[in-house]
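Within every chain, numbering begins at 1; the chains are lettered A, B, ... in the order of the sequence lines, protein sequences first and strands thereafter. No hydrogens, no waters, no symmetry mates; every other heavy atom, side chains included, goes into these values. Note that the coordinates shown come from a computational prediction; the quantities given were computed from them, not determined experimentally.
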Amino acid sequence: TQLLEQSPQFLSIQEGENLTVYCNSSSVFSSLQWYRQEPGEGPVLLVTVVTGGEVKKLKRLTFQFGDARKDSSLHITAAQPGDTGLYLCAGNTGFQKLVFGTGTRLLVSP
Amino acid sequence: ETGVTQTPRHLVMGMTNKKSLKCEQHLGHNAMYWYKQSAKKPLELMFVYSLEERVENNSVPSRFSPECPNSSHLFLHLHTLQPEDSALYLCASSQAPGQSYEQYFGPGTRLTVT
């Protein structure tokens, strides 16, 4: 069974702080995606990383794919209340389906 | 309508009821998915349809019955559910085959089984 463990499970910070969320697995994925889910809504795709070692930036969010394509991280700079939500990583197994991580719930207080 | 829509948004049903969840995608995708999201559990893939054929049935109990009449519509028929089936049911679509199978999700149906 392929598992994606995310850490931390829950993070409560003040506006302006930086944070990093980790997504780890013992399995290799052909690509990895990050989603954000807000209460009462479905997850929304933020980014897809494909190449080992790849780094992608989306405004204040920086995503990195591990060299071995087994892990990934999401770094948020100067967090804002609008960043609050459930962050999910998802690995592409190559069999027309994704394996989702355990999730990190982020709360950014003003 | 744009994106992926789901109806109803909320559903309360007894264990002996029969109900159906509906999903519609307006993205021109050819693969559709049902997921179950429970508290404190990772998102669980239930079914995958590609080109209207079921390609994945992830050991889901037979009280859940999917139907995909065309590439834009997906249903989940429910009967004799259990309280532990209470969860958020998410529909998603993607373009397959594709390198990443990026999922576009609907808002979900919050199901409560009493």
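One finds the OG atom of B:Ser94 at 11.0 Å from the CG atom of A:Leu45 (value rounded to the nearest 0.5 Å). Rounded to the nearest 0.5 angstrom, B:Glu102 CD and A:Thr48 OG1 are separated by 3.5 Å. In this structure, OH in A:Tyr35 is found 5.5 Å from CZ in B:Phe105, a value given to the nearest 0.5 Å. The line from CG of A:Leu88 to CG of B:Leu43 is 6.5 Å long, rounded to the nearest 0.5 Å.
Within a 6.0 Å radius of NZ in A:Lys56, more than 12 heavy atoms belonging to other residues, nucleotides or ligands are found. The environment of CZ in A:Arg105 is sparse: at most 12 heavy-atom neighbours from other residues, nucleotides or ligands sit within 6.0 Å. Annotation: A:Glu17, atom CD; neighbour count of heavy atoms from other residues, nucleotides and ligands within 6.0 Å is above 12.
Linking Ile, Leu, Val, Met, Phe, Trp and Tyr whenever their side-chain heavy atoms come within less than 4.5 Å leaves A:Tyr22 and A:Leu11 in two separate clusters. When the side chains of ILVMFWY residues are joined at heavy-atom separations under 4.5 Å, either directly or via intervening members, A:Leu19 and A:Leu58 end up in a single hydrophobic cluster. Residue A:Leu106 is not grouped with residue A:Val44 when hydrophobic side chains (ILVMFWY) are merged at heavy-atom distances under 4.5 angstrom, including chains of intermediate members. Put simply, B:Val60 and B:Met32 are part of the same group of oily side chains (I, L, V, M, F, W, Y) that touch within less than 4.5 Å, one to the next.
With a 4.5 angstrom heavy-atom cutoff, B:Arg110 does not touch chain A via any of its atoms. Heavy atoms closer than 4.5 Å to chain B are found in the side chain of A:Gln37, but not in its backbone. In this structure, chain A has a heavy atom under 4.5 Å from the side chain of B:Gln37, while its backbone stays farther away.
Considering all non-hydrogen atoms of both residues, A:Gly101 and B:Pro42 come closest at O-CB, 3.7 Å.
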(request) Start with the C-alpha gap between B:Gln103 and A:Gln33, add the side-chain angles, then the distance that decides, and say whether side-chain hydrogen bond (donor to acceptor under 3.5 Å, both in side chains) holds. (result) CA-CA 9 Å; B:Gln103 312 272 285; A:Gln33 299 162 25; over 6 Å; no
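Considering only heavy-atom pairs separated by less than 4.5 Å from chain B, the leading option among A:Pro43, A:Gly40, A:Gly42 is A:Pro43.
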